[in-house]
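Remarks on the structure that follows.
Predicted model only: the values in this text are computed from it and were never measured.
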Amino acid sequence: MNGILYSATVFIWGSTWLAIAYQLGDTPVVVSVAWRFGLAAIALFAILAFQKKLPRLSAENHKLAALLALCLFSNNFLCFYAATQYLPSGLNAVVFSLAPILNALNLWIIEKRRPSATFIQGALIGFTGVVLLFASQFMNAEMDWTILLGLMLSLLGTYFFSMGNMVSAHAQKKGMPLLPTTAWSMGYGAIYLVVIAMVMGLPLSVTMTPMYLSALVYLAIVGSVIGFNTYLALVGRIGAAKAAYCTVLFPLVALSLSTLFEDYEWTWLSALGVLLVLTGNLRVFGIPQPVKRWYQSSIA
């Protein structure tokens, strides 16, 4: 089951970055993200109602759901959508692959779990890879400083995501049901974003084109309803640190799609940067057990 959840999460999240790029344009970012999670919440509540699995959450649980909304279903994606205005979608995904390292740092800060020397080595390798990757992009864009803004936004979004991991793991340890909690959290996130849009005086209408609408439906149903729940199920089954391992793999999917559909140009420096990011994550978390077993069986 863990393997199925990993595979689904890697493929889905690897493809959502390109869909995000297709949503950029006339519709404000905050409105696009609000519609995404509003539709996702409606779909989840409909599924739960059909299955007659709508348990009531306590006031304390609603507080945790609202906190999860701020980390996983609103602010992080405001950052990612905004960053995609300045970066190819595949690069956004590579920065996001640093989430396991940020998870480990948060565990150190919050739960006082001091990182090992192996973790420190992996973190340094990973961040060096990001520096090289963006140095390549920076030079190719003829010193375009907006690339650095994109990097900062992507890093901030990844940190929000990492904090959401901590909240979700805590909620599941308290016995909060996964699907209802996710539905409420997505709903709270959508409400929060609608309020922001109204305060800013933004219309809630969206671009009525086939490309935008298909990307919206894909992100809301496949990327959010299915993708987030497979990932959060992993968090509950094996913990936030190990579950975030899938973020090591899906940048390969995202970069492949970015190369095909966004004409992302590879250089030796960008290739080395991606390799170092992946190596850093592997150094922190080690080779997955299924890969080890496959390797051992192949040489036996």
Side-chain angles (χ1 to χ4, degrees), residues 9-10 12-21 29 33 36-37 67-110 115 119 122-134 137 147-169 185 189 219 223-224 227-228 231-232 234-235 239-255 258 273-274 276-285:
T9 305
V10 167
I12 291 171
W13 279 6
S15 60
T16 54
W17 300 94
L18 184 63
I20 287 174
V29 166
V33 183
R36 171 180 178 173
F37 288 114
L67 182 58
L68 190 62
L70 294 177
C71 295
L72 281 187
F73 305 122
S74 58
N75 290 318
N76 61 326
F77 278 98
L78 289 180
C79 294
F80 291 136
Y81 275 62
T84 306
Q85 297 178 78
Y86 309 111
L87 303 173
S89 62
L91 291 189
N92 233 346
V94 172
V95 176
F96 188 58
S97 73
L98 295 176
I101 295 174
L102 294 182
N103 282 351
L105 284 173
N106 281 328
L107 287 173
W108 185 15
I109 295 170
I110 297 171
F119 163 78
L124 290 175
I125 293 171
F127 279 109
T128 301
V130 169
V131 170
L132 292 180
L133 188 63
F134 280 85
Q137 187 71 13
I147 291 171
L148 296 182
L149 174 59
L151 173 60
M152 293 299 103
L153 287 168
S154 193
L155 284 171
L156 181 59
T158 305
Y159 187 76
F160 272 120
F161 172 82
S162 177
M163 290 302 298
N165 280 198
M166 304 298 107
V167 176
S168 179
S185 294
L219 288 168
S224 300
F228 264 102
Y231 178 76
L232 294 178
L234 275 176
V235 171
K242 290 182 179 179
Y245 194 96
C246 64
T247 63
V248 179
L249 303 176
F250 74 71
L252 301 178
V253 176
L255 282 170
S258 186
V274 171
L276 287 177
V277 170
L278 299 179
T279 301
N281 279 286
L282 289 172
R283 181 61 178 159
V284 169
F285 295 103

Of the non-hydrogen atoms in [X] and [Y], which two are nearest, and what is the gap between them?
X      : Y      : result
Leu219 : Tyr81  : CD1-OH, 3.4 Å
Ala83  : Gly150 : CB-O, 3.4 Å
Arg36  : Ser224 : NE-OG, 2.9 Å
Ala69  : Gly189 : CB-N, 3.5 Å
Cys79  : Leu153 : CB-O, 3.2 Å

Task: Criterion ring pair (Phe, Tyr, Trp, His ring centres under 6.0 Å) against Phe96, the qualifying member of Tyr159, Phe160, Phe77, Trp17 - done: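 Only one of Tyr159, Phe160, Phe77, Trp17 forms a ring pair (Phe, Tyr, Trp, His ring centres under 6.0 Å) with Phe96, namely Trp17.
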Measure the spacing between [atom1] of [X] and [atom2] of [Y] and express it to the nearest 0.5 Å.
X      : Y      : atom1 : atom2 : answer
Leu68  : Ser185 : CG    : OG    : 4.0 Å
Leu91  : Ile147 : CG    : CD1   : 8.5 Å
Thr279 : Ile125 : OG1   : CD1   : 7.0 Å
Leu148 : Leu87  : CG    : CG    : 9.5 Å
Leu255 : Leu18  : CG    : CG    : 11.5 Å
Leu78  : Asn76  : CG    : CG    : 8.0 Å

TODO: Please name all residues satisfying side chain to side chain donor-acceptor pair (under 3.5 Å) with Ser74, sequence neighbours left out, ordered by chain then number.
DONE: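 Counting only residues at least two positions away or on another chain, Ser74 forms no side chain to side chain donor-acceptor pair (under 3.5 Å).
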Task: Qualifying residues under side chain to side chain donor-acceptor pair (under 3.5 Å), relative to Thr16, sequence neighbours excluded - done: none
Task: Validation row: Val29, Gln85 side chains within 4.5 angstrom (heavy atoms) - done: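 In contact.
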Open item on the list: Between Thr158 (side chain only) and Ser154 (backbone N and O only), is there a donor and an acceptor less than 3.5 Å apart?
Closed with: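 Yes, the answer is positive, given that a donor and an acceptor are paired below the 3.5 Å cut-off.
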TODO: Please find out if less than 6.0 Å separates the ring center of Phe80 from that of Phe161.
DONE: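 Phe80 vs Phe161: aromatic centres not under 6.0 Å.
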